[in-house]
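All ligand and atom numbering here is 1-based and tracks the order in the structure. Because the structure is predicted, anything quoted here is derived from the model rather than measured.
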Amino acid sequence: MGSKRLKAVVARGTHEVAIADKVSAQKIIVEYIRSLKVVGPNGMSPMQKQQKYGTSFSTFGAAHSGDAPVKKLGRRRCRGFFRTVPGSIMTFFCPKWIKVTVGWHCPIRCKAILKIGDGEYKYAAGSHRPEYEAATAFGALCLNNNAEAIIMANDICNRAGIDTISSGAIIAFAIELYENGILTNKDTDGIELKWGNHQAMVAMTAKLANREGIGDVLANGVKRAAEIIGKGSDQFAIHIGGQEVAMHDPKVLGTGRLASPAARYHMDCHPRTTYRALLARTVLSTTHFLNVTGLCHFGRWPEDEKLMTGIFKAVTGWDYSWADLQKTGERVVNMRHCFNLREGICELKWPVNPRLVGKPPQTTGPLAGVTADIEAQEYWGMGFLDWDRSTTKPSKAKLLSLGLDDVARDLYP
Ligand code: SF4
């Protein structure tokens with residue numbers, strides 16, 4: 001889309017969406033909603049939990065388990081941050097609701113919009129409750145535990161139509177440049193960009209959104225901004241192929257284990273994607289199958305084979321087995337990858353900032369001493385996917401087995 005200067009595709013229709021078997025679809029939906037209302041050991045049903053907290057419920061666990069990239073994966077000297085509870089962010093949002101809101105026809109309704117900001121930050125009524133990624137990007141990543149500031153920064157990004165993961169990561173990058181003397185007050189127009197300075201974080205987010213002053217440079221993303229700023233700033237630029245990474249430390253699963261998701265970031269963009277496949281083919285396939293059907297990941301669909309195959313058949317009329325659905329997901333992974341190869345993009349060639357994989361390892365926190373063995377993960381992963389280990393080309397046999405004969409012809413002329 002970017003290469004075509006395409007911003008969006010909008011589709012509008014006036015006819016009802018046809019459903020092959022309305023009676024079966026309705027029966028499955030009723031059962032599904034009932035399952036979402038079953039109260040779990042924490043005293044809440046999945047539906048209640050998602051409505052009450054949205055994805056922000058995971059901020060506490062992630063900050064303490066090592067999943068959240070606290071202080072931009074630096075984590076040193078932040079004991080005070082943990083004492084002042086990053087996890088309370090999720091509970092802080094609750095009394096601020098006006099109402100829960102919803103994706104189209106979604107029974108879960110895991111979104112909430114908030115009352116007008118009447119404290120230090122005057123965000124407008126109707127601001128959205130920050131989700132996990134935004135709450136962590138403007139929270140733990142910047143060593144900030146001021147929830148009001150997170151709401152404000154999130155709202156600035158939403159109104160400007162810019163991504164909160166990248167925006168928070170860019171602000172954290174700018175903080176690190178400031179802390180290391182690469183950016184000064186002159187560059188920031190007097191904003192003291194220090195770890196945990198929430199006023200500075202919000203002020204710089206506004207500059208970023210409006211492309212004002214240094215915000216105009218930062219708005220290019222950390223890779224390009226580091227090239228413009230120079231002075232060794234590239235060592236602080238954490239990105240994969242120019243994209244800032246999501247709020248999950250890729251070392252989180254343990255020392256050198258193949259299970260660590262570092263390679264996922266290298267070859268994809270966010271956990272739950274291609275390289276989770278290395279552990280479970282099911283997750284690979286269902287994730288990408290969900291993506292192409294438009295089903296929401298928070299709907300717990302992949303946990304239930306019967307539900308997935310049942311609703312698919314009821315809606316489309318196609319009698320696909322679970323294996324067929326998984327094959328569809330694998331086809332997506334391969335087709336997308338071959339598209340990139342054809343366009344001259346090979347993710348394996350993208351450099352990875354050593355800090356992202358724990359080189360050198362952190363010295364404190366749950367991931368102290370951990371280095372992700374990304375080379376081993378990728379070696380193993382390529383074999384699993386039946387992709388060539390140096391070119392990343394899927395084998396001809398793999399493409400043919402997925403019914404991608406035309407792609408195989410392109411790739412193996
Ligand atoms: S579609 Fe998904 S993200 Fe949207 S409200 Fe429903 S559960 Fe939440």
Side-chain angles (χ1 to χ4, degrees), residues 8-13 17 19 25-26 28-40 42 44-62 67 89-91 93-94 96-115 125-139 150-151 154-155 157-159 161-168 246-248 269-273 276 283 285-304 307-308 310-312 314-316 325 329 332:
V9 177
V10 178
R12 182 174 172 273
V17 178
I19 290 180
Q26 191 57 30
I28 293 167
I29 289 165
V30 168
E31 275 172 34
Y32 168 61
I33 293 175
R34 196 175 293 139
S35 77
L36 293 173
K37 290 180 175 169
V38 174
V39 175
N42 61 3
M44 296 175 95
S45 70
M47 195 183 255
Q48 284 169 323
K49 189 168 96 178
Q50 280 177 264
Q51 285 178 2
K52 187 167 180 190
Y53 299 122
T55 51
S56 75
F57 74 84
S58 51
T59 52
F60 181 83
D67 186 28
I89 282 167
M90 67 181 197
T91 41
F93 296 149
C94 296
K96 303 257 166 206
W97 290 6
I98 296 174
K99 62 172 183 181
V100 290
T101 179
V102 62
W104 185 68
H105 278 217
C106 174
I108 299 176
R109 295 180 295 150
C110 75
K111 309 289 163 210
I113 56 174
L114 306 175
K115 297 174 196 163
S127 300
H128 283 246
R129 173 177 61 199
E131 296 296 338
Y132 167 76
E133 295 288 341
T136 301
F138 290 111
I150 293 173
I151 297 172
N154 185 56
D155 193 46
C157 293
N158 284 347
R159 287 177 198 280
I162 59 176
D163 176 57
T164 53
I165 297 177
S166 282
S167 299
M247 297 301 123
H248 302 280
C269 67
H270 200 118
R272 279 178 175 265
T273 47
R276 195 131 176 187
V283 178
S285 314
T286 48
T287 294
H288 287 283
F289 177 71
L290 282 179
N291 285 343
V292 292
T293 54
L295 287 169
C296 173
H297 288 279
F298 299 122
R300 301 165 66 246
W301 295 92
E303 292 167 25
D304 193 327
L307 183 67
M308 288 275 281
I311 195 70
F312 187 75
V315 171
T316 64
L325 299 188
V332 171

Would you mind running through ligand 1 and noting each atom that sits below 4.0 Å from a heavy atom of Cys296?
1 (S), 2 (Fe), 3 (S), 7 (S)

Can you tell me if an N/O/S atom from Cys110 lies under 2.8 Å from atom 2 (Fe) of ligand 1?
no

Using a 4.0 Å cut-off to any heavy atom of Ile108, which atoms of ligand 1 qualify?
7 (S)

Closest approach of His248 and Glu133, non-hydrogen atoms and distance?
NE2-OE2, 3.1 Å

Sub-4.0 Å atoms of ligand 1 with respect to non-hydrogen atoms of Lys111:
3 (S)

Is there side-chain contact between Ser45 and Leu36, with at least one heavy-atom pair below 4.5 Å?
no

Heavy-atom side-chain proximity of Glu131 to Asn154 below 4.5 angstrom
no

As an exercise, identify every atom of ligand 1 less than 4.0 angstrom from a heavy atom of Cys106.
1 (S), 5 (S), 6 (Fe), 7 (S)

Should Met47 and Ile33 count as side-chain neighbours, where that means a heavy-atom distance under 4.5 Å?
yes

Find out whether Cys157 and Phe138 are in side-chain contact, i.e. whether some heavy atom of one side chain is under 4.5 Å from a heavy atom of the other.
yes

